[in-house]
Peer 1: 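Mind having a look at this structure? Questions to follow.
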Amino acid sequence: MGNNFHNRPFVVITIDGPAGAGKTTIAKKLALRLGFCMLDSGALYRAVALALIRGGVDPNNHSIPNAAICALNIGVEPGIGSMKVTLGTEDVSAAIRSEDVGVAASKFSAKSQVREFLLGIQRSVAEKCDLVAEGRDMGAVIFPLADVKFFLTADDKTRAKRRYEELFHKGVNSNFSEVLDEMRARDHRDETRNLAPLAAAPDAMIVDTTNFTPDEILEIMLERIDSRVGGLK
Ligand code: DC
């Protein structure tokens, strides 16, 4: 696109925040509206977790055997408003969505071997296309020079309700208080880990999504983007 103010070839917009804050929904809408690629970094952590679980690595172990990291064969195919993730030739975009893989991803993501492994893969996506990147550390660690940064948040009961409804629509029978407990446990792990803990970058705009619809959030974000990188809307 070439009209960003850092003189880099592609525009990068980052969206960070805890589970259930609305990142994926909003990132997708925003990417489709702007015609940008999407980096769903959580999907990469999930793909690593799936591969390690299949390889017999226990997420509760202190470290991961180096051979298991070397054997990882993760592929990313960013598209406009979507992203395909592969293990070798297998498309695992659906398989990584289970609760078990999400919990394992949260545990494996605290390990430096995993974060270092994924760093280059994530940055390389921004060399191919304009990007909406969503996750936990996009603005603070992976793309510190991003053109526009957001941090989405919402109260934990609202986030758990969204997750509960998502599971319900998928046909998964869950219990609201268990979903809330698991979400709080995940928040705690993501916020207190030593490496890249979940936190807003100092220059991120914080958006509380509790009382807004995705389309209302989108409009708030587009205003901000327009004031930072004019002419994209
Ligand atoms: O957003 P998600 O639920 O798909 O992410 C799965 C886990 O991956 C999450 O619990 C924390 C980890 N993660 C991370 O540490 N850093 C990111 N940028 C994205 C996800």
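All values derive from a computational prediction rather than experimental measurement. All ligand and atom numbering here is 1-based and tracks the order in the structure.
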Peer 1: Would you check, one step at a time, whether the test side-chain contact (heavy atoms from CB on, under 4.5 Å) holds for Leu131 with Val11?
Peer 2: CA-CA 6 Å; Leu131 194 65; Val11 175; over 6 Å; no

Peer 1: Does any donor atom in the side chain of Arg189 or Ser109 lie under 3.5 Å from an acceptor atom in the other side chain?
Peer 2: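 No pair is found: no donor N or O on one side chain lies under 3.5 Å from an acceptor on the other.
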
Peer 1: For Asn194, does the CG atom sit with more than 12 other heavy atoms under 6.0 Å from it, leaving out its own atoms?
Peer 2: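 No - once you tally the heavy atoms of other residues, nucleotides and ligands closer than 6.0 Å, there are 12 at most.
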
Peer 1: Is there a donor-acceptor contact under 3.5 Å linking the side chains of Thr210 and Asp208?
Peer 2: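 Their side chains do contain a donor-acceptor pair, which is all the 3.5 Å distance test asks for.
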
Peer 1: Could you tell me which residues satisfy salt bridge (Lys or Arg N to Asp or Glu O under 4.0 Å) with Glu77, sequence neighbours excluded, listed by chain and number?
Peer 2: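 Glu77 satisfies salt bridge (Lys or Arg N to Asp or Glu O under 4.0 Å) with Lys84 only.
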
Peer 1: Would you please say whether a donor-acceptor pair under 3.5 Å links the side chains of Ser93 and Asp91?
Peer 2: yes

Peer 1: As a test of reading the model: which N/O atoms of the protein lie under 3.5 Å from N/O atoms of ligand 1, and at what distance?
Peer 2:
unit_1, atom_1, unit_2, atom_2, d
ligand 1, 1 (O), Arg136, NH1, 2.9
ligand 1, 1 (O), Arg136, NH2, 3.4
ligand 1, 3 (O), Arg46, NH2, 3.1
ligand 1, 3 (O), Arg186, NH1, 3.2
ligand 1, 4 (O), Arg46, NE, 2.7
ligand 1, 10 (O), Asp190, OD2, 3.4
ligand 1, 15 (O), Ser109, OG, 3.4
ligand 1, 15 (O), Arg115, NH1, 2.9
ligand 1, 15 (O), Arg115, NH2, 3.4
ligand 1, 15 (O), Arg193, NH1, 2.9
ligand 1, 15 (O), Arg193, NH2, 3.0
ligand 1, 16 (N), Arg115, NH2, 3.1
ligand 1, 18 (N), Ser41, OG, 3.0
ligand 1, 18 (N), Arg136, N, 3.0
ligand 1, 18 (N), Asp137, OD1, 2.9

